Amino acid sequence: MKRRLLPALLPLALVACSQKGIEGLKTFDYSGGDERSGSLLYAETPPVGGPHNALWQTCGVYDRPLYNEYAVHSLAHGAVWITYRPDLGPEGVAALRQLLNGYPATLLSPYPGLPAPVVVSAWNAQLAVDAPDDRRLKAFLDRYGQGETAPERGA
């Protein structure tokens with residue numbers, strides 16, 4: 001009986017193994033539960049995990065930069081944070097706002113000094129892209145939008 005099941009399952013295994021990840025995705029290994037006060041330093045811009053303030057940033061769309069310490073706490077709860085260079089332009093910001101439809105646990109804000117025009121971050125994951133219409137942004141939201149990597153998911 002095992003011989004008959006194996007050939008039937010083989011195509012599924014090959015499909016699963018051949019699925020590609022998101023090109024350019026960077027992953028990290030931060031653990032959760034480290035709440036601190038004050039201004040904190042982070043290795044990534046914007047941060048993707050690590051110590052954070054006891055307060056979190058309410059999910060939503062912002063027209064000003066957010067405090068890293070609050071946004072990281074939101075990431076710890078499962079949010080995805082899309083940041084963009086302040087000079088992106090109104091069309092680019094509108095495209096990012098549109099992208100967020102259907103993803104309630106998200107933050108959108110400008111972020112001075114980004115390494116790329118748009119950077120999307122979740123706990124332990126980050127992707128930098130050159131344009132707000134890059135299809136990898138939606139792939140990132142689909143993959144991380146439910147907060148699976150977040151240490152305080154659902155809190």
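This one's a predicted model, so the numbers in the text were calculated from it and none came from an experiment.
Ring pair H73/H52 is tilted by interplanar angle, where 30° to 60° counts as tilted.
Using a 4.5 Å cut-off on side-chain heavy atoms (C-beta onward), E23 and R136 make contact. Under the 4.5 Å side-chain criterion, counting only non-hydrogen atoms from C-beta, F140 is not in contact with V129. Taking the side chain as every heavy atom from C-beta outward, E69 and L55 never approach each other to under 4.5 Å. For the pair P117 and Y84, the minimum side-chain heavy-atom distance is 4.5 Å or more.
Between Y111 and W81, the distance from one ring center to the other falls under 6.0 angstrom.
Partners of Y62 under the side-chain contact (heavy atoms from CB on, under 4.5 Å) rule, at least two apart in sequence or in another chain, are Q57, T58, L66, L107, S109.
Here CG of L141 is found 6.5 Å from CG of L100. Values are rounded to the nearest 0.5 Å.
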Derivation of the side chain to side chain donor-acceptor pair (under 3.5 Å) call for Y144 and N124: CA-CA 10 Å; Y144 295 101; N124 281 333; over 6 Å; no
- [ ] Starting from the C-alpha separation in whole Å, work towards a yes-or-no answer on side-chain contact (heavy atoms from CB on, under 4.5 Å) for Q126 and V119.
- [x] CA-CA 7 Å; Q126 189 169 76; V119 178; 3.5 Å; yes
Please test Y103 against V80 for side-chain contact (heavy atoms from CB on, under 4.5 Å), starting from the C-alpha separation and ending with a verdict. CA-CA 9 Å; Y103 299 98; V80 173; over 6 Å; no
Would you be so kind as to tabulate the donor-acceptor pairs closer than 3.5 Å made by side chains of residues 37-49, with sequence neighbours excluded?
residue: Y42; atom: OH; partner: P51; partner atom: O; Å: 2.5
residue: E44; atom: OE1; partner: Y30; partner atom: OH; Å: 2.8
residue: E44; atom: OE2; partner: Y30; partner atom: OH; Å: 3.0

